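Take a look at the structure set out below.
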Amino acid sequence: MSDSTRGTTLADLERRVAERRAGPAYGDDALIVCDRLVRIFTADGVEVQALQGLDLLVREGELTALVGASGSGKSTLMNILAGLDVPTAGAARVAGRDLLTMDAGARLRYRRDVVGFVRQQTARNLLPYLTAAQNVALPMQLRGGTKRARKAERVRELLAMLDVAECRDRLPHRMSGGQQQRVAIAVALANAPSVLLADEPTGELDSATGEQVFAAFRRANEELGTTIVIVTHDRAVAGEVRRAVAVRDGRTSSEVLRRTEVDAEGRESMVAREYATLDRAGRLQLPAEYTEALGMEHRVLLELEPDHIAVRPDDDGS
C-alpha cells in the first residue's frame, strides 16, 4: 500500500467519489463531444467495428481536420455528426443535442438548423436547375420564418464573402468545380449553423483550386466564427489548420497542434507539435514506426517517473 492510500478511510473514499461526480462532466465546455463512441456494421453475418470507443472534443470556433486512411473510421464519424447515421453505443452530442436519442423529427431539424454539410462530389451539393443564389436561399425557405429581404441580403453576403458573387445567376454547370464548392459552402452556411462539416471537400479538385476552397472555409471560420470540421486524407490540407486529429482503427490516435511563436527579433513562425491521444480509458496508440524500431510486440514495460511515464520493450527472456 502506498503512503498516499495508507490510512484512507471509507468516508475519505466516498468523499472523493462525491467530489468527482460534482465536478464538470466530460466535454462540458465543448461544442462537439464524442465519448467512447462505437459503430458496428453487420454484413452477411459479419460484424465490422468502424468506431471502437472513439473520444473527441471540439470546442466552439475551432477549425479542425480529421485525418485518416480509407477505412480508419473518419467518414463514419462524420456521418454520425451530420445526423446521417446513428452510433451503436457511447455518447455523441453536438451543440447540446444528443445524437443517440433524437427521433426522426428532431434529427431533421438538427440537419436543417444545427449542422451544415459539404460533400466531396461537387454535383451532389447543388440542385442543377437552380442558380447559385437560389441554391443558397433554399435552406432558408425550407426552414421558414425569414423575410424575403433578409434572405436576399444573406445570399449576397455569403456569395461575396466566399468570392463567388459573379456566380449569383449561374446554374451549376456554368461554374467551375472550385466555384461550385464555394457556393456549396454558402448553402451550408445559409441557416447560420453551429457546425459546418465537410467530407473530403477538395478531393475532386486540383491543388490550386483546393487551396481556394480551403481559404473559403478559413474565411467562414474567421469572419463568422463557425466551428468547422473537415475530413480529409490530404496531409497538405491538414497542414493548413491549427488542429489536425488523426483517426486510426476506429479511434483517435494522435493530434498535431500548431501555434504562432515570436522569436527574440520579433519574427513570427508557425510551430507544429504532434501528440499521442490518450482516451478516457487511458489507452493510447503508439506509432508503428516507434514500436517496430524497438521491437515492441504484445506487451511493454511501464515505469512511472517523477515527470513522465517510460515505455520500454518487454525484457522478459521467457
Side-chain angles (χ1 to χ4, degrees), residues 26-27 30-58 62 64-95 97-104 106-108 110-111 114-121 124-125 188 195-204 227-235 237-238 241 243-256 274-288 291:
Y26 176 71
L31 189 68
I32 298 175
V33 180
C34 296
D35 183 5
R36 301 169 188 175
L37 205 59
V38 174
R39 181 64 173 103
I40 300 174
F41 295 99
T42 303
D44 298 327
V46 178
E47 287 190 349
V48 177
Q49 276 197 311
L51 298 179
Q52 304 182 45
L54 179 143
D55 292 332
L56 177 68
L57 299 178
V58 178
E62 277 194 292
T64 302
L66 296 179
V67 187
S70 177
S72 62
K74 65 184 188 303
S75 291
T76 298
L77 174 60
M78 180 66 74
N79 286 333
I80 289 173
L81 296 179
L84 302 173
D85 193 12
V86 181
T88 305
R93 300 190 306 277
V94 177
R97 274 73 166 184
D98 188 335
L99 301 186
L100 276 77
T101 61
M102 289 191 298
D103 59 22
R107 195 168 294 278
L108 179 61
Y110 170 81
R111 292 200 299 265
V114 179
V115 294
F117 194 75
V118 178
R119 297 174 177 84
Q120 175 181 347
Q121 298 82 5
R124 295 182 60 195
N125 287 315
V195 178
L196 176 58
L197 306 172
D199 191 0
E200 299 281 7
T202 61
E204 293 187 345
T227 303
I228 300 176
V229 179
I230 299 174
V231 159
T232 182
H233 68 276
D234 188 343
R235 291 283 177 176
V237 171
V241 301
R243 181 186 182 207
V245 179
V247 180
R248 187 176 71 193
D249 298 330
R251 297 191 185 105
T252 51
S253 61
S254 63
E255 293 188 17
V256 175
E274 185 170 7
Y275 298 83
T277 302
L278 188 68
D279 71 12
R280 295 249 283 155
R283 295 171 297 204
L284 58 81
Q285 295 188 48
L286 298 176
T291 57

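Here the structure is a predicted model, which is why all the values come from computation and not from measurement.
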Any side-chain heavy-atom pair of L57 and V33 under 4.5 Å: yes

Between CZ on residue R243 and CD on residue E255, distance to nearest 0.5 Å: 4.0 Å

Taking all non-hydrogen atoms of both residues into account, name the closest pair between G53 and V38 and its distance. N-CG2, 3.7 Å

When rounded to the nearest 0.5 Å, the distance separating CD1 of I230 from CG of L196 is 7.5 Å

Determine, step by step, whether I32 and E62 satisfy the side-chain contact (heavy atoms from CB on, under 4.5 Å) criterion, reporting the C-alpha distance in whole Å, the side-chain angles of both residues, the deciding distance to 0.1 Å, and the verdict. CA-CA 10 Å; I32 298 175; E62 277 194 292; over 6 Å; no

Distance col, row L197:CG vs T64:OG1, nearest 0.5 angstrom, shows 11.0 Å

Taking the six-membered ring of F117 (Phe, Tyr or Trp), confirm whether the NZ or CZ of R119 is under 6.0 Å from its centre and within 45° of its axis. no

Which pair of non-hydrogen atoms, one from V118 and one from P201, has the smallest distance, and what is that distance? CG1-CB, 4.4 Å

State whether the side chain of E200 and the backbone N or O of H233 hold a donor-acceptor pair below 3.5 Å, judged by distance alone. yes

Would you name the heavy atoms of L54 and G250 that are closest together and state the gap between them? CB-O, 3.6 Å

dist T88:OG1 -> I40:CD1 (nearest 0.5 Å) comes out at 5.0 Å

Does the pair V256 and E274 meet the rule for a side-chain contact (heavy atoms from CB on, under 4.5 Å), with working shown? CA-CA 4 Å; V256 175; E274 185 170 7; 4.0 Å; yes

Minimum-distance pair of heavy atoms, taken over all atoms of L286 and R248: O-NH2, 3.4 Å

Using atom types as modelled and distance alone, determine if a side-chain donor or acceptor of S254 lies under 3.5 Å from a backbone N or O of A276. no

Would you confirm whether R107, through its side chain, and L99, through its main-chain N or O, come within 3.5 Å as a donor-acceptor pair? yes

Please check if the side chain of T252 supplies one atom and the backbone of D55 the other of a donor-acceptor pair under 3.5 Å. yes

Please say which of N79, D85, T76 ends up in a side chain to side chain donor-acceptor pair (under 3.5 Å) with R39. D85

M78 and V229, any side-chain heavy atoms less than 4.5 Å apart: yes

Is there a side-chain hydrogen bond (donor to acceptor under 3.5 Å, both in side chains) between Q285 and R251 once you walk through the steps? CA-CA 9 Å; Q285 295 188 48; R251 297 191 185 105; over 6 Å; no

Q52 side, atom CD; D279 side, atom CG - distance, nearest 0.5 Å: 11.5 Å

Any C34 side-chain heavy atom under 4.5 Å of L81 side chain: yes

Anything under 3.5 Å between a donor and an acceptor, one on a side chain of residues 42-51, the other on a protein residue two or more places apart or in another chain? List them.
none

With salt bridge (charged side-chain N to carboxylate O under 4.0 Å, His left out) as the rule and sequence neighbours excluded, what pairs involving residues 70-82 come up? none

Let's go through L66 and L56 carefully: what are the C-alpha distance in whole Å and the side-chain angles of both, what is the deciding distance for side-chain contact (heavy atoms from CB on, under 4.5 Å) to 0.1 Å, and is it a yes or a no? CA-CA 10 Å; L66 296 179; L56 177 68; 4.2 Å; yes

Indicate the atoms forming the closest heavy-atom contact of I80 with P87, along with that distance. CG2-CD, 3.8 Å

Would a 4.5 Å heavy-atom cut-off, applied to side chains only, mark V58 and L31 as touching? no

